[in-house]
2 protein chains.
Amino acid sequence: MVKTKDYCRINEVIEEEMTSNIPVDEEIMDLADFFKVFGDPTRLKILSLLEHRELCVHDLAAIMDMQQTAISHQLKSLRQARLVRYRREGKMALYSLSDSHIKEIFSTGLEHIKE
Amino acid sequence: MVKTKDYCRINEVIEEEMTSNIPVDEEIMDLADFFKVFGDPTRLKILSLLEHRELCVHDLAAIMDMQQTAISHQLKSLRQARLVRYRREGKMALYSLSDSHIKEIFSTGLEHIKE
DNA sequence: TGAACATATGAGCAGATAAACATATAATAC
DNA sequence: GTATTATATGTTTATCTGCTCATATGTTCA
């Protein structure tokens, strides 16, 4: 058993990790990767726009006044995080949200920053 | 009014932004800064440890097997984001969570990655 | 088939960031 | 006061990240 000093509660924590539902380190990594996606204004803006309607890449770029390639790169991140999906309609790719938790996460975050 | 091409829904979006509760750009920036704090495994681990008890800096460093200065730096970020607070007890600084939304955000994130 | 449009991808660069290291501040005991 | 312990902060460095530019892929239509 590891014990460094009297005031260190490492054993208490180890005990608790085994018996409770504290996220283990691998889950922590996955969680961090997930939240990292929300930690960029461009991606957040895309998500907030898609909350209300599906939009094509060109529209997103026009609305946000950014280059199409920049938007496409961020959409790739969002796809990989399984936060958006798209369907083809002719030449266009129409993106929409693919995760039901996004609105919840948004509103919880907004509650925090408005306090 | 701005209008680039037929398929661009920028006017529709502008209309909606004025009448609904879409976060405006400043809120988007604040939200991104908020979620950025959750986007690092070290900070997430600290938050998850503090969910169950208050801990001093030394304990956090010992449990996480990291240097004290690294922990202190991250605690500063967490303080600035108003996610943790601390009280002095002698030489020690005992940190605890200062925001009620943290558990909610955690569990929502976990729901997503476990799907 | 080729031209035009819509989107995706790869490379490079500039700015951001997290840890390490050195050092400073704070609190207690002597 | 000094020594010791606990924590905080400033600086440097290596890594990561988001944008731009160039280019490739995909789709439609003539």
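A note on names: the letters A, B, ... follow the listed sequences, proteins ahead of strands, and every chain is numbered from 1. In this text the structure is predicted, and so the values were computed from the model without any measurement.
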Can you check nucleotides 8-14 of chain D for protein contacts, nitrogen or oxygen pairs under 3.5 Å, and list what you find?
from   : atom 1 : to      : atom 2 : distance (Å)
D:dA8  : OP1    : B:Tyr95 : OH     : 2.5
D:dA8  : OP2    : B:Ser72 : OG     : 3.0
D:dA8  : N7     : B:Gln68 : NE2    : 2.8
D:dG10 : O6     : B:His73 : NE2    : 2.7

Could you check how far CE of A:Met66 sits from P of D:dG18, rounded to whole Å? 10 Å
Does B:Glu115, at its CD atom, have more than 12 non-hydrogen atoms belonging to other residues, nucleotides or ligands within less than 6.0 Å? yes
Gap between atoms CD and C1', on B:Gln67 and C:dC21 respectively (whole Å): 8 Å
Nearest-Å distance, CZ (B:Arg87) to C1' (C:dA27)? 15 Å
Short question: side chain of A:Arg43, backbone of A:Lys36 - any donor-acceptor pair under 3.5 Å? yes
Can you measure B:Leu60 atom CG to C:dA19 atom P for me and round it to whole angstrom units? 13 Å
Would A:Thr108 and B:Glu104 count as having a side-chain donor-acceptor pair, cut-off 3.5 Å? yes
Separation of B:Ile46 atom CD1 from C:dA19 atom C1', in whole Å? 13 Å
Under 3.5 Å donor-acceptor, B:Ser48 side chain and B:Lys45 backbone: yes
Donor-acceptor under 3.5 Å (A:Arg53 side chain, A:Leu49 main chain): yes
Distance in angstrom units between B:Lys91 NZ and D:dT5 P, rounded: 7 Å
Whole-Å distance, A:Gln80 CD to C:dT9 C1', equals 12 Å
Contacts table for residues 80-87 of chain A: side-chain donor-acceptor under 3.5 angstrom, sequence neighbours left out:
from    : atom 1 : to       : atom 2 : distance (Å)
A:Arg82 : NH2    : B:His112 : O      : 3.1
A:Arg87 : NE     : A:Glu54  : OE1    : 3.1
A:Arg87 : NE     : A:Glu54  : OE2    : 3.4
A:Arg87 : NH1    : A:Glu89  : OE1    : 2.9
A:Arg87 : NH2    : A:Glu54  : OE2    : 2.5
A:Arg87 : NH2    : A:Glu89  : OE1    : 3.1

Distance check needed: C:dA16 P versus B:Phe35 CZ, whole Å only. 22 Å
Nearest listed nucleotide, side chain of A:Gln74, among C:dA6, D:dC19, C:dT17: D:dC19
